Amino acid sequence: MDDSLVAAIDDLVTAGVVASRSEAVRVGLETLVGEHRKRLVGASIVEAYKRQPQTDDELAGLDASTRALIEEEPW
């Protein structure tokens with residue numbers, strides 16, 4: 001790690017965002033792994049819809065549901 005990154009981590013420790021450098025690294029790695037997993041799941045969902053797109057009836061139902069939700073808003 002370069003000095004500026006270490007300094008930024010130390011700032012997080014000083015600010016109480018994390019308890020230590022080790023915790024900052026652990027949180028960072030957990031975030032990286034979590035984001036990667038989300039991208040994989042998203043790509044799987046997209047691929048599934050490409051293999052079997054929604055029908056016109058399914059899409060029409062979504063439009064009706066969306067309109068109903070909007071009408072419920074107090075604006």
Side-chain angles (χ1 to χ4, degrees):
M1 289 190 283
D2 63 22
D3 290 342
S4 64
L5 182 56
V6 172
I9 293 169
D10 288 343
D11 289 344
L12 293 174
V13 173
T14 300
V17 176
V18 291
S20 65
R21 287 178 176 176
S22 295
E23 183 182 0
V25 171
R26 181 186 53 75
V27 169
L29 290 172
E30 287 173 348
T31 301
L32 177 64
V33 169
E35 290 300 315
H36 179 68
R37 285 180 180 155
K38 286 180 194 177
R39 281 191 297 276
L40 290 177
V41 168
S44 294
I45 291 170
V46 168
E47 184 56 35
Y49 276 110
K50 286 180 180 179
R51 284 192 314 267
Q52 186 171 347
Q54 292 173 296
T55 65
D56 289 339
D57 288 340
E58 290 170 328
L59 293 173
L62 290 175
D63 288 344
S65 296
T66 301
R67 278 192 293 280
L69 288 171
I70 291 170
E71 290 171 1
E72 290 176 5
E73 288 298 322
W75 33 13

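When reading the values below, keep in mind they use all heavy atoms of this one structure, side chains included, and skip hydrogens, waters and symmetry mates. Predicted, not measured: the structure shown is a model, and the values here were computed from it.
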For this session: Report, as yes or no, whether the 6.0 Å neighbourhood of atom CG on D3 holds more than 12 heavy atoms from other residues, nucleotides or ligands.
Result: no

Exercise. Does some side-chain heavy atom of V18 sit less than 4.5 Å from a side-chain heavy atom of R26?
Worked result: no

Problem set entry | From CG (L32) to CZ (R37), nearest 0.5 Å | 10.5 Å

Exercise. Got a sec: does the CD of Q52 have more than 12 other heavy atoms crowding it under 6.0 Å?
Worked result: no

Problem set entry | Distance-minimising heavy-atom pair for V13 and A19 | CG1-O, 3.7 Å

Exercise. Looking at R67 and E71, does any basic side-chain N land under 4.0 Å from a carboxylate oxygen?
Worked result: no

Seminar exercise, completed: Here the gap from L5 atom CG to D10 atom CG, rounded to the nearest 0.5 Å, amounts to 9.5 Å

For this session: Starting at CD of Q54, measure out to CG of L62 and round the result to the nearest 0.5 Å.
Result: 5.5 Å

Exercise. In this structure, are over 12 heavy atoms from other groups packed under 6.0 Å from D56 atom CG?
Worked result: no

For this session: Please answer: with hydrophobic residues joined when any side-chain heavy atoms are less than 4.5 Å apart, are V27 and V25 in the same cluster?
Result: no

For this session: Please lay out, stage by stage, how D57 and T55 fare under the test side chain to side chain donor-acceptor pair (under 3.5 Å).
Result: CA-CA 5 Å; D57 288 340; T55 65; 5.2 Å; no

